[in-house]
There are 4 protein chains.
Amino acid sequence: MHNPVPQPKKPTRIQQEKTRAILDAALDVFSKYGFRGATLDQIATAAGMSKPNLLYYFAGKEALHQALLERLMETWLEPLQKLDAAGDPLDEICAYVHRKLELARDFPRESRLFANEIIQGAPRIADSLTGQLKPLVDEKAAVIGAWARAGRIADVNPHHLIFSIWSSTQHYADFDTQINAVLGSAYPDRFTDADRFLEQMFRRALGSGEKSAKPVVSD
Amino acid sequence: MHNPVPQPKKPTRIQQEKTRAILDAALDVFSKYGFRGATLDQIATAAGMSKPNLLYYFAGKEALHQALLERLMETWLEPLQKLDAAGDPLDEICAYVHRKLELARDFPRESRLFANEIIQGAPRIADSLTGQLKPLVDEKAAVIGAWARAGRIADVNPHHLIFSIWSSTQHYADFDTQINAVLGSAYPDRFTDADRFLEQMFRRALGSGEKSAKPVVSD
Amino acid sequence: MHNPVPQPKKPTRIQQEKTRAILDAALDVFSKYGFRGATLDQIATAAGMSKPNLLYYFAGKEALHQALLERLMETWLEPLQKLDAAGDPLDEICAYVHRKLELARDFPRESRLFANEIIQGAPRIADSLTGQLKPLVDEKAAVIGAWARAGRIADVNPHHLIFSIWSSTQHYADFDTQINAVLGSAYPDRFTDADRFLEQMFRRALGSGEKSAKPVVSD
Amino acid sequence: MHNPVPQPKKPTRIQQEKTRAILDAALDVFSKYGFRGATLDQIATAAGMSKPNLLYYFAGKEALHQALLERLMETWLEPLQKLDAAGDPLDEICAYVHRKLELARDFPRESRLFANEIIQGAPRIADSLTGQLKPLVDEKAAVIGAWARAGRIADVNPHHLIFSIWSSTQHYADFDTQINAVLGSAYPDRFTDADRFLEQMFRRALGSGEKSAKPVVSD
DNA sequence: TATGAATGAGAATTCATTCAT
DNA sequence: GATGAATGAATTCTCATTCAT
C-alpha cells in the first residue's frame, strides 16, 4: 500500500537530494535524542520539509532509522577490514587506531547513533552485530593473536585489545559533551593530542618490550 | 503545590522502601530505553505500584530522572577521588582502572544511564559535569602530570589518559550488547580477562620504560 | 504496556457501565460505517467520553470490534441451536424462521455488523465461521436431511434451505434502508407481514405435498 | 474547475479503455473494502496507473463510487423489468429468480458493492432507490398481486415475495465468504444446487396448491 | 496525458499528569 | 497513602487531493 518511491530504474535528482537531506537530518536528530526521543517532526523540520513529504520517501520512522544503520555499518567495519596481516604489527594496529579516531572526529553523529543503538540493547541492529561484526572481529583477532604468539607484539588478549581501541577512540565522539565540559571549549585541537596519546599508549603497550623499534616521542 | 515527602525529618520505613523500589525500577528502565524512551508505566509496573502512587513520591518523570543522576554522580566520582598523590603512581593508576572496571561490572545500569545522558548532550547533568567533575579531573590530572614530569610514569597527557581509562572500562558496561555479540555468550568471565588486559596495557603504557617493576604475565 | 482494566477480581460498577456504553456506541457506529469507516472519535462521542478514556477500557479499535463480534456470535448461533431434532419438522423450521426474524427486528445493528464483516471477507471472524458456525450448521443440516429422507418434509437441500432462511430474515435488518425506500415509511408493521409471508412460504415449500396439516391463513 | 473528460463527443479508445480499467479496479476494491475502507492507491494500483492519472478521469473518490453505482442500477433493475405480466405467473417468477441468481453468480462484486452501500444507509444511492427502484417494484408488485388475486399463484404478499427473492439470491454473492466457510471449498457447483433449491422452493410456495403443474424433481 | 512531488486534514495511539475518592 | 479514572498534548502514520512539469 505504501509507495516507497518506486525506483527500480534510476532515482531522480530530486529524489537523491531529498533522500540525502532526510538522512542527514535524521542522523542529526537520532544521534542526539535516540530512536524514541527523536520525532519525525524534528527530522522533517531539520530536513526542510513537511512530515508527510518525509514519509513519501521513507516508509516510517523505523525504516528511516534502519536505513541509517545500514549505511553506517559499512563505514564502521571498514577500518578494521584494512588491518593487514602482512603488514608490520605495531604499524598496522596504530594505523587502525588512527583511522578509528579519524572516524570519531569526522563522523561523530554516526558514532553516537551507533552508541545509542548498542547501549539500548541493539534492538534494531543485533543481526548485523553477529552476522557481520563478529566474523570480522574474530578474523582480525586471530591475526593479532598470531602476531602475539610470534612475539611480534606483546602477549595481549586480541579481543580485549580491539575493545580498548574501539572504546578509547569512539569516546571522543560519543562522550564529546563530557570531554568539552572537562577540557573546556578553549582546549585546542583535542584530536591531535588524543591521536598522539593513543599512539603512544598502544605502541608502548604492545611493543615487544625493550626493543621498541620506533620510540615514541611524546611532546 | 506538590508535596514530595511531607516529613523531611523521618521518612517512614515504607517511604524509604518505596523510594528505593522506584529508583531501582527507574534505573532499570531509564538505562535500557533512555529518558524519552522510558515510560512511567514501565517504571511503575517494575516498581510494583500504580502510576499515581509513583508520582506521589516523585514529582514527575524529570524529577525521577534527576534524582537518579544525582545519586549516581557521587558513586561515579569516588574512584577518581581515591587516586592518591602520595601513593605509587603506577599502582594508583592501576587501582583506579581496577575500581572503574568493578563499577562497570557491578553497576552497569548506572553506567548506561550516565552514557545515555552524556551521549544525548547531558541536558540534565551539564551542571554537575562542569561543577563537580571538571574540578576533580583537573585536580587529579595535575597529580598525574606531576608524576609524569617527575619521570615516575611515562610522559603522557593526563587528561587523555583519564579519558582512555574511563572509556576502556565503561565500555564493558555500556557496550555490553556488542561485546556479547562478539565474544558469544559462552565466553566465560570477560571481566577477569578485561582486568588482566587493562592492567597490562596501562602498566606497560605508563611504565617508565626498561624497569617495569611488575612484569605482567598474562595467561 | 497497555493496561486493559486489570479486572482479575470484579469489575467496578463504573467499569461495567462504561464498558456497556462503549460497546453500545461501537455497535452503533461499526454497524453503520463498517470497521474502516468508523472512527474512534465517533464512538467516543457517541459513548459520551473522550477518545483516550475509551482507550482506557479497550486496547484499540481492533480490540473493540473483536469484543463486539465475540459477543455477537453466541447470540447469532442460538436460534439454530434450538432447532430440535425431536420436534415436529415443519414447526421446528418455522420456529427457527420466526426466531431469526425476531433477531433481525430486535438486533438490526448486530445483524448489520455481522453482514459488514462477512461481505468484506470476514477478516476478523473467519475462525469463528469455520470453528463454530460450520459444525453447528452441518449438524442441523443433518437433522433436516434426515427429516427430508424420512418424507416428513419436502426433499430439499438442507444447507441451501438454511441459507435461504438466513438471507430472507436478515434482509429485514441488513437492507432496512432499501426496504424503507420501497415500502415507504408509512408502511405499518413490516415485521408482522414479513413473518406471515415467510411462515407461509417455508410451510408451503416444505410441506409434504397435499396434506398440509396446518393450512396457512394469509391475509 | 475540473475537466473530467474534455471531449464529450468522441472519447478516445485510450480513454475508454482507461475508464473501463478504473471502473473495474474500483469495483474490485470498493466491493471488498467498502467506500471508506477503499483507498485510491489501491484502486490506482489495481488499474495499473498512478493516482493523479486516475483522478484525471474521475473527479474524486466520491465521483468514482457514484459512477459505479449508476452503472450498477440499470443492471440491477433489468431482471425485474423483464417480469412479464402477460407470461405464466409461476414461470415468470421462477425466471426472475433464475436471472437474479445468475447475476449473483456472474456479478458478485456488483452485488457486494450494492450491499455495502445499502447496509451503510445508502448515503450515495438513496435517490435512485426511491426514484427508480420503488416505482419499478411497486409496478411489478401490482402484477404479482393481480396474479394472486386471480388465483394464479398462492395468495402472498408481493412486496415481501420480492424481498425474499432478492435476499435469497444475492446471499450467494454477498455472503460468499460465509457460504464458503460452511460448505467448504470442496463443495462443487453451489450455484447449480442453489438454483434447483430456489426454483423448488418458490414453485411450491407459490403453486396454487393441489395442481402443481410442473412437479419439481430434486436430486 | 501522465506522473513525481507535496500537503492538510484526519485517525489511531501513547503518555505524563491530574482528579477524585 | 493508594488507586481507578480521565484527559490534553503529542506523535506516528494515512489518504484524498493538488501542484508542477
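Excluded from the calculations below are hydrogen atoms, water molecules and symmetry mates; all remaining heavy atoms, backbone and side chain alike, are included. Proteins come first, then strands; the chains are lettered A, B, ... in the order of their sequence lines, and each starts at number 1.
- Base contact: Lys51(B) has a heavy atom under 4.0 Å from a base atom.
- Here dC15(E) is the nucleotide among dC15(E), dA5(E), dG1(F) with the atom lying nearest to any side-chain atom of Arg36(A).
- If you find the closest nucleotide of DNA chain F to Lys61(D) and to Leu40(A), the one lying nearer the 5' end belongs to Leu40(A).
- Residues satisfying the side-chain contact (heavy atoms from CB on, under 4.5 Å) criterion with Pro52(A), sequence neighbours excluded, are Ser50(A).
- Partners of Arg109(C) according to the salt bridge (charged side-chain N to carboxylate O under 4.0 Å, His left out) rule, which considers only residues two or more places apart in sequence or in another chain, are Asp24(C), Asp28(C).
- For the ring-ring contact (aromatic ring centres under 6.0 Å, His included) test, residues two or more places apart in sequence or in another chain that qualify with Phe35(C) are Phe30(C), His65(C).
- Side chain of Gln15(B), nearest nucleotide from dG1(F), dT18(E), dT3(E): dG1(F).
- Secondary-structure stems of DNA chain F, taken as three or more successive Watson-Crick or G-U wobble pairs (i with j, i+1 with j-1) under a 3.5 Å distance threshold, comprise E:2-21 with F:2-21.
- Taking only side-chain atoms of Ile14(B), from C-beta outward, the nucleotide of dA2(F), dA16(F), dT1(E) with the closest atom is dA2(F).
- Closest to the Thr39(B) side chain, of the nucleotides dT3(E), dA5(F), dA16(E), is dA16(E).
- In this structure Glu62(D) satisfies the salt bridge (charged side-chain N to carboxylate O under 4.0 Å, His left out) test together with Arg124(D), sequence neighbours excluded.
- Taking the salt bridge (charged side-chain N to carboxylate O under 4.0 Å, His left out) definition, one finds that Lys51(A) meets it with Asp41(A), sequence neighbours left out.
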